[in-house]
Each structure stands twice: as C-alpha cells, then as structure tokens.
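Everything below concerns the one structure shown next.
Protein chains get the first letters and strands the later ones, always in sequence-line order, with residue 1 at the start of each.
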Number of protein chains: 2
Amino acid sequence: MAQGNDPAHAFAPHDHAACQARGLDEAEARLARQGAKLTPVRRRTLEILLEAHRAMGAYEVLDRLAEDGFGKQPPVVYRALEFLVQHGLAHRLQRLNAFAACAHPGHEHAPVFLICRSCNRVAETEAAPVRDRLSKAAQAHDFTVERATIEAVGLCGTCAEAGRA
Amino acid sequence: MAQGNDPAHAFAPHDHAACQARGLDEAEARLARQGAKLTPVRRRTLEILLEAHRAMGAYEVLDRLAEDGFGKQPPVVYRALEFLVQHGLAHRLQRLNAFAACAHPGHEHAPVFLICRSCNRVAETEAAPVRDRLSKAAQAHDFTVERATIEAVGLCGTCAEAGRA
DNA sequence: GGTTGACTTGTTATTCTGTAACATGGGAAG
DNA sequence: CTTCCCATGTTACAGAATAACAAGTCAACC
C-alpha cells in the first residue's frame, strides 16, 4: 500500500499527488469490475475529495463543482457523493455532516474514523476488533448489527506535540 | 436498576410510567448534586423524551414544547437539549439527527447505541470493551480519543422474530 | 436508420436542522 | 434594593438534504 493511503500516516505529511493518483486508479479499477461508470461529475467529485484530503461538507464540494461548470444545485453533489459512498470510494462522517474520500478502496471494509479536533484531519482505520466487540455487545440485547458508525474525536499526535490541546 | 431503564429490556414491553418517574427522579438528584437547575423548559423537554421513549428530532420536541406554552423557536429546544446532554440526562444520536433521554443516568458513561431500523427504537448500552478496543486502535495512530460516537443500525430481536427483515 | 428504455444530469422548490445575535426578565448574592 | 448572572424569548439566517420534474445521452434491439 502506498504511503499516501496508509492510514498509519494519515496525520503525517506525505505525497498528496501520489495518493490522489492512486485513489483515482483504484476507483476506476473497482468500478470497472462492478460495471459502474465514473462519469465526469463523479470523477471530479472524487478528485475534489482526494485533493482536499480531509472531510468536506457537501456544499463545499458543490461550490468547487460549480467552478468547473457542473450544476450548482444540491442534488448534483448529493447524487455524486451517494454514488461514491455506495461504491466504497468515499465515506460519510456523521459527526461532521461531511464526506471524505476513502483512504483504502479496493476491498470491502467498515471503517473507524479518528477525527482530530485541532487540525480537522481524519484518519480511517479498519479496527475489526472494535466491531467484533460491538457485535458481541449487541448479541446480549438480541440485536443484529447491520451497519455501524464509529467515529472518535480527539487529538492527533502532531497536534498533541505542538501543544494544541 | 428498574426494569424500565434496564437497557436489556429496551426493545421489550415494560412499565413506561415507572421509567419516566425514575428518569425524572434521577435527573433531579443528579442535578442537585451538580448545582444545576431543572427549569420548567428543561424539565418538560426531558419529560417529552421520557414519554416518547424513543429518539426524537429537535423540531418534534419543539412542537410539543410550544403546545405547552413555551417558546416555539429553535433555540428554545436546542438549548434545553444541549443542557440535558451536557448533564448526562439525554444523548444525541448523530445518525438520526435526533435526541433520546438517557436510559441510565446517575453516573458518568459513554454509551453505545443500537438502533432498530424497523421499529426505530433505540437501546443504550455501556460496552466498555468496545471503547477499549477503539482506544487501542487509536493508539496505533498516535491518536488520543476524547469522545466517540458508536451507533449501530440493525434489527432488534422482536422485529427479527416478526419477520420484519 | 430509428426507437425504446435505462441511466445520468440539470433545475425548481421546499423541508429539515442548527446557530448567531440581541432583547427581556427573574432570582440569588451582596 | 440593587447588581449581576443566568435563563428565556425572538428575529434572522445559514447549512444540510430531498422530492419531483425536465431533458439529454447512449447502448441495445428491431
């Protein structure tokens, strides 16, 4: 896995160009396999998320799309985002009412998000053990988990060292 | 703990009057200790959440407050809800943009929510092991978790048995 | 070639969610 | 009884999301 998409480096400086290119490449490969199309709006939406390399509000993405000549009405961006989320190329962050490009597309996964309240960057990790425990806890309530939102807010190492408590 | 507030029974029929009364009693005791006041709006807001015994949107609560002669503008309900959340008497459900009365106030806790997509009821559980795993996963990223949102969507036992898949 | 039908995009309008900023009023501390 | 804090009320607005409809694109099929 390229360093740029390694969640272990999400909070550290890295080669943005590389992780953007990789994101687009993986997206196209993935969609080709699924028989879905990465149309211009969708592609540009993904690019915007990859370029930003952070969580963005839908309307922030919409403004950028409008600059590039796409429609400037909410449904344009919500449809593109929904498509990307459904195909595992982006994620929705409930806590922020925002969206972020998937840090490691290419396989099914149910991510856990780490959101730094100081620099607003978001790391994405698998954390299967967390979900295992969640399923076990749910079993005690006779509850079957289908999807789960797991989002932590806190301080990343870089901001902690910089004293931005 | 009273059956009405036992999270293990959250999805089963139980004595609502008892769990409402208990909720209000615990709230007043808790606030008295903290030197905070359960004013009329706040008290009524909590009552509404307890009566509903499910997650409610802020504007739904606001309508009920207005019926009782309180202000009918959004800040009225958002302030009351913020107060209840800060004092551990209610929780916010990010996934639903909604609020619910705390199922077991009286001590600090970081809950995990189980949301049934069929009957919309919400169970609240502690699940410390889930949070432990989350903290461990975060450590690997040099990230310190301060607060975490853990919300599962799925099917409760009652709905599963009834075939509401 | 022409037509059908699925999919995508664009647009209008509206609803839901949340907050900033300011005015008013009541009640405890001094 | 006055001062000040806190709670409430109100206006106005910003941000997030979706419903419903119109129109274009493109491949498959006759």
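- In this structure, A:Ile150 and B:Thr149 have side chains that are not in contact, with every pair of non-hydrogen atoms separated by 4.5 Å or more.
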Checklist entry - With the sugar-phosphate defined as primed atoms, P, OP1 and OP2, and the base as all remaining atoms, what B/S/- string results for nucleotides 12-29 of chain D, 5' to 3', for protein heavy atoms under 4.0 Å? => result ----BBBB----------

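- Every residue two or more places apart in sequence or in another chain that forms a side chain to side chain contact (heavy atoms under 4.5 Å, CB included) with B:Ala58 is listed here: B:Val77, B:Tyr78, B:Leu81, B:Phe99.
- Taking atom NE2 of residue B:His87 and atom C1' of nucleotide D:dC6, one finds them 13 Å apart after rounding to whole Å.
- Every residue two or more places apart in sequence or in another chain that forms a side chain to side chain contact (heavy atoms under 4.5 Å, CB included) with B:Arg79 is listed here: B:Pro75.
- Here B:Gln139 pairs with nothing under the side chain to side chain contact (heavy atoms under 4.5 Å, CB included) rule; sequence neighbours left out.
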Per-pair distances, 0.1 Å, donor-acceptor, side chain in residues 83-93 of chain B, under 3.5 Å, sequence neighbours excluded:
unit_1  : atom_1 : unit_2   : atom_2 : d
B:His87 : ND1    : B:Phe83  : O      : 2.9
B:His91 : NE2    : B:His109 : NE2    : 3.2
B:His91 : NE2    : B:Glu124 : OE2    : 2.9

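- Checked against salt bridge (charged side-chain N to carboxylate O under 4.0 Å, His left out), B:Glu82 has no partners two or more places apart in sequence or in another chain.
- With the end axes of the helix from C:dG1-D:dC30 to C:dG30-D:dC1 each set by five pairs, the angle from one to the other reads 20° at 10° resolution.
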Donor-acceptor pairs under 3.5 angstrom involving side-chain atoms of residues 65-73 of chain A: please list them, not counting sequence neighbours.
unit_1  : atom_1 : unit_2  : atom_2 : d
A:Asp68 : OD2    : A:Arg44 : NE     : 2.3
A:Asp68 : OD2    : A:Arg44 : NH2    : 3.4

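- Partners of A:Arg43 under the salt bridge (charged side-chain N to carboxylate O under 4.0 Å, His left out) rule, at least two apart in sequence or in another chain, are A:Glu28, A:Glu47.
- With sequence neighbours left out, the salt bridge (charged side-chain N to carboxylate O under 4.0 Å, His left out) criterion links B:Glu126 to no other residue.
- On the nucleic acid side, DNA chain C has its first and last nucleotide under 4.0 Å of a heavy atom of chain A at C:dT8 to C:dT12, going 5' to 3'.
- In terms of the side chain to side chain donor-acceptor pair (under 3.5 Å) criterion, A:Arg133 has no residue partners (sequence neighbours excluded).
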